[in-house]
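Here is the structure we will look at.
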Amino acid sequence: MSDFFSDDFTAELKAYFLDSLIKETEKFIDLIDESLWKRIRSEVAEQCQAWAVDAKTNEFEFLAAWIEGFEERTSSISAPRDLIKILHALKEYAEALLVEKKDSAELASRFAVISHSNQEALFLHCKTGATSFAIPILSVVEISGKLPLFALPEQKLGILGVVPFRGEAIPVINLQDHGFASFENKNTYFVICEFQGVRFSLQVTETDDLIALRESELQNVDDKQFFIKANKSIMILNLEKLVA
């Protein structure tokens, strides 16, 4: 999870990047019309590469993934109004970051108009050790760094323990009880999720990127759903089973 450091100089650099991003998107929006929009679309695609690099440099990982997804899909934008809509969403995302001062999966999903306009769904790609899986982004509340993990008074199947989150004790799902391989890594994160009103957490070693998938890209075998990325199959967690 990315946020503004207490260091004033670092905060100023991040704010400068976001302010520049807002002004550049406004410039593109003002230039778009029926005769020029395809040329502007190409220029935006080129600019996205620089925006994504700068977003990563400033530790806005979800914003960077959002911009990369935008750049990959610019060629499929078929009308000037769609380009304007997405640029407005990017501008509003940057404005929200200036206010909230924290990048998160939840914030990225709030401005995920690209996936909505193409009938896609966004997923957060995670890893526990060598095992990869994905979570629907709409179920992700926040990614937290190191949190104290407290054991339950009595061991319960499927529950590793609890972590404190916003005044609550959130149960941590024991993924090993759901067929995941065990791993040893002290550098872990907690992905706080919510499904059908139930909050829980997943302990992961890495949160990779945001992935936009069309329904046709999802494959089903028995009761499992997965997709292919870089010649590897990645499972989509069945959250209903986890909280059952």
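Because only heavy atoms are used, hydrogens play no part in the values below, and waters and symmetry mates are left out as well, while side chains stay in.
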Heavy-atom side-chain proximity of His88 to Ile29 below 4.5 angstrom: yes

Measure the NZ-CG distance between Lys224 and Leu237 for me, rounded to the nearest 0.5 Å. 11.5 Å

Do Phe190 and Ile170 land in one hydrophobic cluster if side-chain heavy atoms of ILVMFWY residues count as linked below 4.5 Å? yes

Rounded distance [0.5 Å steps], CZ in Phe165 versus OG in Ser144: 5.0 Å

Leu152-Ile173 co-clustered via ILVMFWY side chain contacts under 4.5 Å: yes

Over all atoms of both residues, closest heavy-atom pair of Pro171 and Ile159: CB-CD1, 4.2 Å

Using a 3.5 Å distance criterion without hydrogens, assess whether the side chain of Asp177 forms a donor-acceptor pair with backbone atoms of Gly158. yes

Any side-chain heavy atom of Val191 within less than 4.5 Å of one from Glu142? no

Please report the closest heavy-atom contact between Ile22 and Glu95, naming both atoms and the distance. CD1-CG, 3.5 Å

Under the 3.5 angstrom rule, does the side chain of Ser201 hit a backbone N or O of Ile192 as a donor-acceptor pair? no

Is the side chain of Trp37 donor-acceptor paired with the backbone N or O of Ser78 at a distance under 3.5 Å, no angle test? no

Approximate separation, where rounding is to 0.5 Å, of Leu124 CG and Ile211 CD1: 8.5 Å

Set of residues satisfying ring-ring contact (aromatic ring centres under 6.0 Å, His included) with respect to Phe180, sequence neighbours excluded: Phe133

Hey, is the main chain of Leu87 close enough, under 3.5 Å, to the side chain of Thr25 for a donor-acceptor pair? no

Which pair of non-hydrogen atoms, one from Leu147 and one from Pro164, has the smallest distance, and what is that distance? CD1-O, 3.9 Å

Atom CD1 of Ile86 and atom CZ of Phe70: how far apart are they, to the nearest 0.5 Å? 5.5 Å

Taking the side chain as everything from C-beta on, heavy atoms only, tell me whether Phe28 gets closer than 4.5 Å to Gln47. yes

Nearest heavy-atom contact between Ile234 and Ala134 is CG2-N, 4.1 Å

Within the structure provided, determine whether Gln203 and Leu175 are in side-chain contact (heavy-atom separation under 4.5 Å). no

Donor + acceptor pair across side chains of Tyr93, Asp103 (<3.5 Å): yes

Ion pair check, Glu68 and Lys56, cut-off under 4.0 Å: yes

Got a second to check how far Lys101's NZ is from Leu18's CG, nearest 0.5 Å? 9.5 Å

For Asp54, is there any backbone N or O sitting under 3.5 Å from a side-chain donor or acceptor partner on Asn58? yes

Leu13 vs Thr10, test: side chain to side chain contact (heavy atoms under 4.5 Å, CB included). Steps then yes/no. CA-CA 5 Å; Leu13 288 176; Thr10 304; 5.7 Å; no

Main-chain N/O of Ser35 paired with Asp33 side-chain donor or acceptor, under 3.5 Å: yes

Of all the heavy-atom pairs spanning Glu71 and Cys48, show the shortest one and how long it is. CB-CB, 3.5 Å

Taking C-beta and beyond as the side chain, do Phe111 and Leu63 meet within less than 4.5 Å on heavy atoms? no

d(Cys193 SG, Ile135 CD1) to nearest 0.5 Å is 4.5 Å

Hphob cluster co-occupancy, Val172 + Val141, side-chain heavy atoms under 4.5 angstrom: yes

Could you walk me through whether Glu61 and Thr207 pass the side chain to side chain contact (heavy atoms under 4.5 Å, CB included) test, one step at a time? CA-CA 10 Å; Glu61 58 182 290; Thr207 53; 3.9 Å; yes

I'd like to know if the side chain of Glu217 and the backbone of Phe227 have a donor-acceptor N/O pair within less than 3.5 Å. no

Val163, Phe200: one ILVMFWY side-chain cluster at the under-4.5 Å cut-off? no

Within a strict 4.5 Å, meaning less than it, do heavy atoms of the Lys127 and Thr131 side chains meet? no

Side chain to side chain contact (heavy atoms under 4.5 Å, CB included), that's the test. Do Leu210 and Phe62 meet it? Break it down for me. CA-CA 7 Å; Leu210 293 176; Phe62 295 103; 4.0 Å; yes

Check whether Phe226 and Leu202 end up in the same hydrophobic cluster, where Ile, Leu, Val, Met, Phe, Trp and Tyr are linked by side-chain heavy atoms less than 4.5 Å apart. no

Can a side-chain donor-acceptor contact be found between Trp51 and Glu24 if the only test is distance below 3.5 angstrom? yes

Do Ser139 and Glu194 come within less than 4.5 Å of each other through their side chains, counting heavy atoms only? no

Check against side chain to side chain contact (heavy atoms under 4.5 Å, CB included), Phe123 and Leu213: CA-CA 8 Å; Phe123 296 87; Leu213 297 171; 3.7 Å; yes

Heavy-atom pair of closest approach, residues Val204 and Cys126: CG1-CB, 4.1 Å

Going by an N to O cut-off under 4.0 Å, is there a salt bridge joining Arg199 and Glu168? yes

Sequence neighbours excluded, which residues qualify as side-chain hydrogen bond (donor to acceptor under 3.5 Å, both in side chains) partners of Glu26? none

Counterpart residues, salt bridge (Lys or Arg N to Asp or Glu O under 4.0 Å), relative to Lys229 (two or more places apart): Asp209

